[in-house]
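Written out below as structure tokens is the structure these notes cover.
Atoms considered below: every heavy atom in the structure, side chains included; atoms not considered: hydrogens, waters and symmetry mates. Residue numbering restarts at 1 for every chain, and letters A, B, ... go by the order of the sequence lines.
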Amino acid sequence: MSKSDWNSPEAVRRLAKRHAAEKRFKLVGLGAIVLSLGFLALLLVIMLKNGVAGLDWDFLSGSDSTDATTAGVWGAAKGSLLTMLVTLLLSFPMGVLAAIYLEEFAPKKKWIEWVEVSINNLAAVPSIIFGLLGLAVFINTFQMPRSSPLVGGLTLALMTMPVIVISGRNAIKAVPPSIREAAYGIGASKVQTTFHHVLPLALPGILTGTIIGMARALGETAPLLMIGMRAFVVTPPDSLTAPSSVLPMQIFLWSDEIDKAFVQNTSAAIIVLLVFLLAMNGIAIYLRNKFEVRW
Amino acid sequence: MILTGVLLAVLGLGLVGWFAARGRARLLYTGRGSMHSMPAYHGWHLALWIVVPALVAWLVWQAVMPGLVQGAVFATPAAHGLPTDPFQLGAIVAEAQTIASDPGAVAFNPEAQALVEPFRAAQVKFGLIGAVIVLIVAFAGGAFGFTRIRPNFKARTHVERLVLGVLLAASLLAILTTFGIVASLVFEAGMFFKDVSPIAFLTGTHWSPASTMGDNINNNFGAVPLFWGTIYIGAIIAMVVAIPLGLMSAIYLTQYATRDVRKWVKPLLEILAGIPTVVYGYFAALTVAPLIRDFAASLGMANPSTESALAAGLVMGVMIIPFVSSMADDALAAVPRAMSDGSLALGATRSETIKKVLLPAALPGIVAGVMLAISRAIGETMIVVMAAGAAANLSANPFASMTTVTYQIVQMLTGDQEFNSPKTLSAFALGLVLFIVTLILNIVALRVVKRFREAYE
Amino acid sequence: MTEAKITARNVDVFYGQKKAINDVSIDIDNGIVTAFIGPSGCGKSTFLRTLNRMNDTIAGARVDGQILLDGEDIYASTMDSVALRARVGMVFQKPNPFPKSIYENIAYGPRIHGLASAKSDMDRIVENALTKAGLWEEVKDRLTDAGTALSGGQQQRLCIARAIAVSPEVILMDEPCSALDPIATARIEELIDELKESFAIVIVTHSMQQAARVSQRTAFFHLGSMVEYGETDQIFTNPRETRTKDYITGRYG
């Protein structure tokens with residue numbers, strides 16, 4: 001083919017058609033993004049429109065009530081706080097320690113592979129299954145108190161731990177071998193090397209993963225429904241074993257109310273929850289950007 | 001109360017032991033090479049000998065004490081004449097216990113009030129006994145540890161061995177969790193299958209667990225409508241939304257968008273993934289479902305229901321978009337640049353290159369991503385609980401109310417019913433099916449992804 | 001030969017703020033092989049990629065100056081980069097067959113450009129391209145096998161056949177033998193020698209021996225500039241510039 005062939009009317013028409021197809025394809029791609037983000041915007045706008053008027057001090061400091069005008073979100077928020085405390089205290093150390101073991105010490109054996117498969121799979125198991133586990137083990141077998149932040153936290157910790165292990169392993173893997181060799185070179189033991197050199201360098205990455213895992217746990221409802229964490233809490237729970245509710249559960253309970261006045265409460269509670277989640281994710285992104293070292 | 005104080009005391013003792021052992025080890029130091037381990041390791045060694053056994057003793061006591069307290073309370077004269085019904089008894093005991101530990105609480109039941117004093121007394125008594133035991137264990141451990149401080153004692157090796165043991169235990173927790181899930185699901189589902197035949201459960205088309213009376217119990221637990229609803233909402237409607245939108249978003253972001261656009265849009269899309277499912281569920285019920293009902297009505301359907309498979313599936317699809325998009329993003333990024341260069345150098349346009357070279361090359365990765373997305377969608381609970389409905393319909397009409405496996409699990413287990421009824425146990429059988437299906441999807445998908453990555457390395 | 005096939009005048013290439021090519025002017029003729037040599041990072045590949053606007057695909061890349069193909073400015077707004085790349089084909093450093101069958105690898109280009117109206121036309125184009133690339137005898141019985149299943153040398157000839165199939169006027173080759181063993185390299189070099197009858201060929205190579213063996217003209221690049229350009233014999237036996245001489249004799253590179 002030569003220059004003249006490409007200038008024939010037929011070739012020019014064909015090229016124009018191909019360029020039009022290119023443009024269409026690109027527009028479809030842009031459209032997909034606009035549609036997805038548009039949906040996000042719609043959701044946020046509707047929640048803000050419905051809920052923002054309900055956000056006052058009484059709402060933020062009050063507890064649940066059958067009367068929509070006096071019902072508040074603090075009781076559930078405190079339940080969330082207590083639950084998250086248990087989750088964090090359990091899943092963070094366990095997750096980090098497991099990540100360290102698997103990345104730095106584990107022998108290349110068959111059973112270690114089972115641990116890895118198990119962790120990767122647990123990270124993708126539907127959350128409701130963890131609820132069934134919590135119900136069968138913590139409540140029915142160990143007779144722990146139903147609806148309590150303790151059981152809720154334990155259940156969510158089992159769900160969050162794999163997330164922390166996976167992000168922890170990636171962060172540890174990212175620390176270059178040269179750091180370890182340097183420590184070995186001056187006679188440090190393997191445990192010393194790991195805890196003095198590798199872990200501090202991997203910590204920002206681990207923390208980022210932990211916060212993201214905690215944010216997920218904070219938004220979880222289904223597993224807590226299984227362990228009955230839907231108490232009608234008129235006074236905020238004051239211990240880890242007191243019956244309580246959590247923020248997402250409060251949203252779920254209010255959404256079920258027939259009384260239309262609860263629409264405002266539900267939306268306002270959603271705003272509170274989203275603000276928490278946004279703040280947590282913001283911190284995670286900040287940590288990642290601030291401490292991320294490119295080796 | 002006492003036991004909490006003891007715990008702090010043990011930790012304090014550990015701290016004291018740490019300094020004492022380190023000081024003692026320093027005295028033993030006579031010059032370079034005279035000791036195996038640094039003094040601080042002797043400190044850790046002793047501290048661990050104090051804290052760990054005491055902690056074990058504390059936990060054991062914590063577990064046995066409520067039984068002992070209750071036994072002592074029942075032995076007191078105040079306990080005579082209590083109802084024998086275990087349910088009433090439990091309520092009274094629980095109330096007495098609450099009042100005993102919380103002076104502000106007021107008794108609702110006079111019988112409970114009578115038990116408060118014996119409860120307080122027993123708690124104090126057994127608390128003290130426990131405290132003494134724990135402290136004895138702590139001192140014994142400490143004494144043993146202290147005698148081992150010698151120059152040639154390999155304190156570091158011992159401490160490190162314990163550290164390794166803890167690390168190992170932490171990683172075994174994952175296996176334990178998996179085992180716990182499998183065991184509890186299999187056990188409870190096994191109880192269910194004693195009453196209901198597995199074949200009737202897996203192939204029956206009639207689901208009405210509320211009417212479990214009579215001999216034909218098998219006919220009421222046919223889960224096929226649930227499986228169909230789950231697949232229709234999670235694997236069909238949601239994917240019809242999520243696959244094109246997620247895939248095209250990923251294509252636009254990786255192939256067309258400038259770096260700045262990518263930097264802003266990607267996190268925004270991820271927000272979509274971070275929104276709790278209960279919020280999506282509420283949005284589906286509040287906004288999307290009524291719209292769809294009105295739309296169905298405008299199509300001339302009689303009495304369309306508010307809850308519909310379409311509402312739940314649509315919103316679930318939106319929730320899955322960022323998931324599909326990030327999986328597709330990874331898959332496209334794994335295809336070597338040389339591949340698209342080769343196509344562009346032949347005079348192909350971008351879109352021709354994407355459609356005919358990039359997508360086929362990335363297909364295994366994308367398929368694996370879709371499998372993971374389906375696994376996530378069918379396990380999703382809140383959206384279907386709030387928007388899909390309770391009716392077990394075997395229908396292909398997207399405007400119909402439809403129920404899913406997860407919805408029924410929630411339905412069977414919320415509220416107070418006796419634990420061993422087939423109705424309650426059916427939730428575990430459904431959970432088992434859900435677990436197995438998602439397990440297979442996950443494992444296959446992770447395999448495919450792994451092989452796909454290796455192919456281009 | 002009245003007019004050069006490709007005429008470049010005062011070409012600069014920038015990647016963002018960084019200037020990668022500085023003021024290069026060159027005439028490339030039909031019917032011969034032109035080699036670009038120079039130490040790695042000297043800009044020879046970058047310059048090659050400006051000749052079919054492959055630099056367009058790199059974010060932040062910018063080309064100044066003028067490049068004419070048969071007197072037509074290839075960076076003019078009226079020039080269609082899609083049509084241009086069909087006329088100026090390219091073969092890459094590492095063989096990059098598509099994950100498709102051998103047949104589909106060759107048919108891909110003709111199909112997107114609409115060069116074959118019937119299956120028989122396409123069969124003929126595929127056979128022709130594979131014959132010209134010296135691969136037909138080896139693969140004619142397994143056209144449906146994956147292109148990636150071939151050996152490295154065969155894959156590279158498949159890529160050459162793929163480029164030939166759209167009947168380009170110029171073929172650009174970016175170190176086409178660097179990933180191949182000596183026997184496969186010799187085979188490709190023979191092929192290049194045959195192909196120069198039908199196409200203007202520009203080859204970037206890091207091997208001076210290869211440039212001496214296959215090319216009739218050689219351009220020496222250093223630090224983003226073209227130091228010297230002339231008949232290959234003259235460059236290797238009697239370079240005018242000391243920098244060229246130092247490179248040829250192995251003082252650096």
Side-chain angles (χ1 to χ4, degrees), chain A residues 18-19 21-22 25-26 28-30 32-33 35-37 39-40 43 46 94 97-98 100-102 105-106 114-115 118-122 124-129 132-133 135-137 140 158 161-162 165 189 191 215 219-222 225-226 248 251-252 255 263 266 270 273-274 277 281 285, chain B residues 156 160 163-164 166-168 170-175 177-178 180-181 184-185 188 244-245 248-249 251-252 256 265 268-269 271-272 274-279 282-283 285-287 318 321 349-351 372 375 379 381-382 386 406 409-410 413-414 419 427-428 431 434-435 438-439 442-443 446:
Chain A
R18 288 171 62 198
H19 283 300
E22 166 76 13
F25 189 76
K26 195 173 166 180
V28 169
L30 190 63
I33 290 182
L35 209 61
S36 308
L37 293 183
F39 196 93
L40 175 67
L43 190 152
I46 286 180
M94 285 311 210
L97 293 178
I100 291 174
Y101 186 78
L102 292 175
F105 296 98
W114 279 100
V115 176
S118 175
I119 287 175
N120 287 335
N121 185 58
L122 281 180
V125 164
S127 60
I128 193 168
I129 300 283
L132 290 176
L133 171 76
L135 174 62
V137 172
N140 288 335
L158 292 182
M161 190 184 138
V165 176
S189 72
V191 172
E220 244 345 309
T221 323
L225 214 45
M226 298 290 93
I251 293 167
F252 174 61
S255 77
V263 169
T266 315
I270 285 176
L273 180 62
L274 289 182
L277 291 176
N281 282 306
I285 290 170
Chain B
R156 200 196 73 222
E160 290 188 348
V163 169
L164 272 186
V166 172
L167 294 184
L168 177 63
S171 20
L172 290 182
L173 187 61
I175 287 257
T177 308
T178 307
I181 289 176
S184 51
L185 290 181
E188 310 283 1
L245 287 178
M248 284 312 290
S249 300
I251 287 173
Y252 188 84
Y256 289 108
V265 171
L268 278 178
L269 271 181
I271 290 184
L272 219 43
I275 289 180
T277 54
V278 68
V279 176
Y282 184 57
F283 183 66
L286 182 76
T287 312
V318 171
I321 289 172
T349 62
R350 261 272 167 225
S351 60
L372 287 176
S375 145
T381 309
M382 294 321 288
M386 294 164 89
T406 49
I409 294 177
V410 170
L413 289 178
T414 48
F419 190 72
F428 286 91
L434 181 63
F435 180 73
T438 54
L439 183 76
N442 295 340
I443 288 182
L446 290 176

In Å, rounded to the nearest 0.5 Å, how long is the span from CE of A:M226 to OG1 of B:T381?
-> 7.5 Å
Mind listing the closest non-hydrogen atom pair of B:E188 and A:A136 along with its distance?
-> OE2-CB, 4.0 Å
Between A:N281 and chain B, which part of the residue has a heavy atom less than 4.5 Å away: side chain, backbone, both or neither?
-> neither
Nearest 0.5 Å please: distance from the CG atom of A:L274 over to the CD1 atom of B:I275.
-> 6.0 Å
Below 4.5 Å from any heavy atom of chain B, which atoms of A:L30 appear? Answer side chain, backbone, both or neither.
-> both
For each of B:L185, B:T438, B:L268, B:I175, tally heavy-atom pairs with chain A at distances under 4.5 Å, and name the one with the top tally.
-> B:I175
Is it the backbone or the side chain of A:M161 that comes under 4.5 Å from a heavy atom of chain B, or both, or neither?
-> side chain
For B:I409, is it the side chain, the backbone, both or neither that has a heavy atom under 4.5 Å from a heavy atom of chain A?
-> both
Identify the residue among B:V318, B:I321, B:L245 that makes a side-chain contact (heavy atoms from CB on, under 4.5 Å) with A:L35.
-> B:L245
With sequence neighbours left out, the residues meeting ring-ring contact (aromatic ring centres under 6.0 Å, His included) with A:F39 are B:F283
Under 4.5 Å heavy-atom distance to chain B, tell me which part of A:P248 shows up: side chain, backbone, both or neither.
-> both
Nearest 0.5 Å, what's the CD1-OH distance between A:I251 and B:Y282?
-> 9.5 Å
Side-chain contact, heavy-atom cut-off 4.5 Å: B:I181 with A:L122?
-> yes
Could you look at A:I33 and say if it's the side chain, the backbone, both or neither that has a heavy atom under 4.5 Å from chain B?
-> both
Please report the shortest heavy-atom distance between B:G180 and A:L133, naming the atom on each side.
-> C-CD1, 3.3 Å
Non-hydrogen atoms of B:S249 and A:S36 that approach each other most closely | OG-OG, 4.0 Å
Chain B heavy atoms under 4.5 Å from A:L273: which part of the residue, side chain, backbone, both or neither?
-> side chain
After noting the C-alpha distance and the side-chain angles of A:L225 and B:M382, does the key distance pass the side chain to side chain contact (heavy atoms under 4.5 Å, CB included) rule?
-> CA-CA 10 Å; A:L225 214 45; B:M382 294 321 288; 4.2 Å; yes
Closest-packed option against chain A by number of heavy-atom pairs under 4.5 Å, given B:L272, B:T277, B:I251, B:L372 = B:L272
Which one, B:V163, B:L164, B:V265, leads in non-hydrogen pairs under 4.5 Å with chain A?
-> B:L164
Which bit of B:Y256 is near chain A, if near means a heavy-atom gap under 4.5 Å: side chain, backbone, both or neither?
-> side chain
Best-contacting candidate, B:L172, B:I443, B:L434, against chain A by heavy atom pairs under 4.5 angstrom = B:L434
Using non-hydrogen atoms and a 4.5 Å limit, figure out which bit of A:L40 sits close to chain B: side chain, backbone, both or neither.
-> both
Main-chain N/O of A:L102 paired to B:S171 side chain as donor or acceptor, under 3.5 Å | no
Identify which of A:I119, A:V263, A:V137 forms the greatest number of heavy-atom pairs closer than 4.5 Å to chain B.
-> A:V263
Heavy-atom contact with chain A under 4.5 Å, split by part of B:T349 | both
Could you tell me which portion of A:V165 (side chain, backbone, both or neither) has an atom closer than 4.5 angstrom to a non-hydrogen atom of chain B?
-> neither
Report the distance from atom CG of A:N120 to atom CG of B:N442, rounding to the nearest 0.5 Å.
-> 9.5 Å
Identify the two heavy atoms, one from A:I128 and one from B:G379, that lie closest to each other, and give their separation to 0.1 Å.
-> CG2-O, 4.3 Å
Mind listing the closest non-hydrogen atom pair of A:A32 and B:M248 along with its distance?
-> CB-CB, 3.6 Å
Which residue out of A:S127, A:G219, A:P162, A:S189 racks up the most heavy-atom pairs below 4.5 Å with chain B?
-> A:S189
Tell me, side chain or backbone of A:F252 under 4.5 Å from chain B's heavy atoms, or both, or neither?
-> both
Here the pair of heavy atoms bringing A:L132 nearest to B:A427 is CD1-O, 4.2 Å
Residue part contacting chain B, namely of A:A124, when any heavy atom lies under 4.5 Å | both
Please flag which part of A:L277 lies under 4.5 Å from any non-hydrogen atom of chain B: side chain, backbone, both or neither.
-> side chain
